Asks: 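Starting off with a structure, shown below.
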Amino acid sequence: MNIDEMRRTVAERAAALVEPGMQVGLGTGRTAALVVDAIARKKMKLVAVATSEATAQQARAGGIRLVALDEVRALDLCIDGADEFDPHLDLIKGLGGALLREKLVAQAAQRFVVIVDEEKRVRQLGEKAPLPVEVVPFGWTHTRERLRYLGLDPVLRERAGNPVLTDGGNYVLDCRAQVPIASLADAIKRTTGVVEHGLFLRMAHTVLVGTPSGLEELHRPRT
Ligand code: 5RP
């Protein structure tokens, strides 16, 4: 299987988990977009919460009924992609810039299913992808210095020479570290100016991995 086939395989498997009447969180990114398409094709009655404006637009175009996260008490299921996953099913997310809404929606879900291809597999988070950290624009260079002090090497995400804005109007600092980056999760979160980081620890219940030889399903043991 090539990468497109791997993505399609996990997307179809994830979409098969969606049943009529469910309340579902819809992720952001290329793989999540395939799930949104697959769900739209089913033409079933359900309620969905989108994790980004881009996903909301796609879902609406596909005839999926959207509500705000505040309109639901809990979601049955959230399906989203990731940029890295490790053997504990911990994740880095946010290369698409939607990490804050993605985390809010995933936390509201009874089951969080992550859809990835084999290339996202790492032994330790941060091995391949930088960690996106969403910060408020006000005083962001000071926030960057505080993150440097923690041992991170933060780089402002830019497009055409301008800071990339998240759906919440914030900036993203893509961070690398010399130490295991997951160990810094709490310290990053406590840093003034930080809105959220892309470490999704102990959140995924299932990771569906598209591999060259087929689909692999990984489940987090219940604790
Ligand atoms: C967006 C995300 C995406 O889920 C992540 O970047 C994976 O995207 P793709 O399926 O395009 O590789 O976290 O904020």
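FYI, the numbering just counts along the sequence from 1. Whatever order the structure lists them in is the order used to number ligands and atoms, beginning at 1. None of the values given here were measured: they were computed from a predicted structure.
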Asks: Nearest 0.5 angstrom please: S52 OG to L100 CG, how far?
Replies: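 The CG atom of L100 is 12.0 Å from OG of S52, to the nearest 0.5 Å.
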Asks: Identify whether NZ of Lys or CZ of Arg in K120 sits under 6.0 Å from the centre of the six-membered ring of F85 and within 45° of that ring's axis.
Replies: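 That pair does not qualify as a cation-pi contact.
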Asks: According to side chain to side chain donor-acceptor pair (under 3.5 Å), who are the partners of T211, at least two apart in sequence or on a separate chain?
Replies: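 Result, side chain to side chain donor-acceptor pair (under 3.5 Å) vs T211: S213.
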Asks: Protein residues near ligand 1, heavy-atom distance below 4.0 Å?
Replies: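 Under the 4.0 Å cut-off, ligand 1 touches T28, G29, R30, T31, D80, G81, A82, D83, K93, G94, L95, G96, G97, A98, E102, K120.
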Asks: Is a salt bridge present between E196 and K189, judged by a nitrogen-to-oxygen distance below 4.0 Å?
Replies: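 Salt bridge flag = yes for K189 with E196.
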Asks: What is the distance from atom CZ of R111 to atom CG of L75, rounded to the nearest 0.5 Å?
Replies: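 It is 14.0 Å, given to the nearest 0.5 Å.
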Asks: Kindly compute the distance separating CD (E12) from CG (L208), expressed to the nearest 0.5 Å.
Replies: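 Taking CD in E12 and CG in L208, the distance rounds to 12.0 Å.
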